[in-house]
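Written below as structure tokens is the structure these notes are about.
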Number of protein chains: 2
Amino acid sequence: MLMKKNEEFVQSVNPKGQKSCDSFHNTIEFIGKRWMGIIIYHLLDGPKRFFELSAEIDGISDRLLTERLRDLEAHGLVVKNQSDPKVRKVEYELTPKGKELEDIIQAIFEWVKKNGCCYEE
Amino acid sequence: MLMKKNEEFVQSVNPKGQKSCDSFHNTIEFIGKRWMGIIIYHLLDGPKRFFELSAEIDGISDRLLTERLRDLEAHGLVVKNQSDPKVRKVEYELTPKGKELEDIIQAIFEWVKKNGCCYEE
DNA sequence: TTTTTAAGATTACTATTAGTAAGCTTGTTT
DNA sequence: AAACAAGCTTACTAATAGTAATCTTAAAAA
């Protein structure tokens with residue numbers, strides 16, 4: 001599998017026989033949180049205001065948009081820009097680290113392009 | 001953003017001004033479900049038995065492993081092989097469609113490699 | 001000037017999803 | 001014959017998500 005392509009990522013095996021891939025695990029679970037991918041996807045366009053994200057992302061609530069943006073901030077993937085605190089203009093922008101998530105989003109796009117949707121309700 | 005790289009994916013905008021990207025949305029939410037990525041990652045090694053996945057994936061419960069495998073089956077990403085129904089040997093294997101998820105997993109690996117872990121508790 | 005509206009949240013509550021633990025069935029090992 | 005293992009399923013609790021209402025402050029409208 002991918003380990004062959006990236007020798008650096010050959011996984012060690014712990015005493016229980018489990019692969020130790022905590023940072024991979026943590027990352028995949030973090031960016032896999034509900035709405036996370038879509039938010040990142042929309043931020044790849046450039047900095048956006050809260051209400052813009054809210055309007056563009058169909059179905060997300062203010063509560064979860066706030067929560068996810070705080071998560072992203074806390075992990076250094078997004079910065080919150082509020083030039084003048086007196087003015088209610090807050091912009092959220094991907095950090096360089098956040099922008100590098102584009103490759104992941106791109107890979108998902110490619111998959112969908114080849115394989116179509118995998119999920120319908 | 002990525003739309004520039006993939007003209008096919010230029011998004012249309014619906015009357016509410018929302019990007020219409022349902023198959024992308026559905027897919028990202030599906031593969032972003034808790035444990036999904038890790039399960040796919042472990043299946044990229046080749047076909048595996050239930051107890052092997054259970055042992056390799058630190059912290060997953062039988063209940064959710066079953067549930068996720070059923071999800072994956074239902075969406076054609078995994079097939080369940082049980083050569084002889086009298087023998088309790090069940091193997092789960094990625095379909096070609098499932099194997100193509102490797103690029104996504106790979107992209108996450110690359111990100112972690114460059115940027116380190118984004119999440120710790 | 002008073003009223004209304006909008007941005008960017010927070011709070012309270014319900015519903016859905018995940019985690020924990022036990023149990024079930026059938027075949028194999030001791 | 002008893003104990004154990006694979007692959008589930010069930011019942012229950014905890015955590016996360018969804019819905020809706022509310023809040024603050026500033027600017028726009030009346």
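Just so it is clear: chains get the letters A, B, ... in the order the sequence lines come, proteins before strands, and each one is counted from 1.
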Calculate the interatomic distance between [X] atom [atom1] and [N] atom [atom2]; express it in whole Å.
X: Arg70(B); N: dT9(D); atom1: CZ; atom2: C1'; value: 11 Å
X: Glu29(A); N: dG19(C); atom1: CD; atom2: P; value: 8 Å
X: Phe30(A); N: dT16(D); atom1: CZ; atom2: C1'; value: 15 Å
X: Gln82(A); N: dA26(D); atom1: CD; atom2: C1'; value: 12 Å
X: Leu69(B); N: dA18(C); atom1: CG; atom2: P; value: 14 Å
X: Lys80(A); N: dA7(C); atom1: NZ; atom2: C1'; value: 12 Å
X: Phe51(B); N: dC8(D); atom1: CZ; atom2: P; value: 13 Å
X: Glu52(B); N: dA5(D); atom1: CD; atom2: P; value: 16 Å

| task | Please step through side chain to side chain contact (heavy atoms under 4.5 Å, CB included) for the pair Ile40(B) and Val78(B), ending with a clear verdict. | result | CA-CA 9 Å; Ile40(B) 293 162; Val78(B) 158; over 6 Å; no
Can you tabulate the close N/O pairs, meaning under 3.5 Å, that link protein atoms to atoms of nucleotides 25-27 of chain C?
{"unit_1": "dT26(C)", "atom_1": "O2", "unit_2": "Arg88(B)", "atom_2": "NH1", "d": "3.2"}
{"unit_1": "dG27(C)", "atom_1": "N3", "unit_2": "Arg88(B)", "atom_2": "NH1", "d": "3.3"}

| field | Check ion pair Lys97(A)-Glu100(A) (N to O, under 4.0 angstrom) | value | no
| query | Okay, side chain of Gln82(B), backbone of Arg88(B): is any donor-acceptor separation there less than 3.5 Å? | reply | no
Review item, nucleotides 17-21 of chain D N/O atoms under 3.5 Å of protein N/O:
{"unit_1": "dA17(D)", "atom_1": "OP1", "unit_2": "Arg68(A)", "atom_2": "NH1", "d": "3.4"}
{"unit_1": "dA17(D)", "atom_1": "OP2", "unit_2": "Arg68(A)", "atom_2": "NH2", "d": "2.6"}
{"unit_1": "dA17(D)", "atom_1": "O3'", "unit_2": "Arg34(A)", "atom_2": "NH1", "d": "2.9"}
{"unit_1": "dA17(D)", "atom_1": "N7", "unit_2": "Arg63(A)", "atom_2": "NH2", "d": "3.2"}
{"unit_1": "dG18(D)", "atom_1": "OP2", "unit_2": "Trp35(A)", "atom_2": "NE1", "d": "2.9"}
{"unit_1": "dG18(D)", "atom_1": "N7", "unit_2": "Arg63(A)", "atom_2": "NE", "d": "3.4"}
{"unit_1": "dG18(D)", "atom_1": "N7", "unit_2": "Arg63(A)", "atom_2": "NH2", "d": "2.8"}
{"unit_1": "dG18(D)", "atom_1": "O6", "unit_2": "Arg63(A)", "atom_2": "NE", "d": "3.1"}
{"unit_1": "dG18(D)", "atom_1": "O6", "unit_2": "Arg63(A)", "atom_2": "NH2", "d": "3.3"}
{"unit_1": "dT19(D)", "atom_1": "O4", "unit_2": "Arg63(A)", "atom_2": "NE", "d": "3.1"}

| query | Are Lys113(A) and Phe24(B) side-chain neighbours, meaning at least one heavy-atom pair lies under 4.5 Å? | reply | no
| message | Rounded at 0.5 Å granularity, tell me how far CG in Leu72(B) sits from CD in Glu67(B). | response | 11.5 Å
| note | side-chain contact (heavy atoms from CB on, under 4.5 Å) filter on Lys80(B), not counting sequence neighbours, yields Arg70(B), Glu73(B), Val90(B), Tyr92(B)
| field | Out of dG7(D), dA9(C), dC8(D), whichever nucleotide has its closest atom nearest the side chain of Phe50(A) | value | dA9(C)
| note | salt bridge (charged side-chain N to carboxylate O under 4.0 Å, His left out) test vs Lys48(B) passes for just one of Glu91(B), Glu93(B), Glu56(B), namely Glu56(B)
| Which is it for Ile60(B) and Ile39(B) under the side chain to side chain contact (heavy atoms under 4.5 Å, CB included) test, yes or no, and what are the steps along the way? | CA-CA 10 Å; Ile60(B) 199 171; Ile39(B) 293 169; 3.9 Å; yes
| task | Please work out which of the three classes, parallel, tilted or perpendicular, describes the rings of Tyr41(A) and Phe109(A), given edges at 30° and 60°. | result | tilted
| request: Taking only the side-chain nitrogens and oxygens of Tyr92(A), find out if one of them lies under 4.0 Å from OP1 or OP2 of dA7(C). | output: no
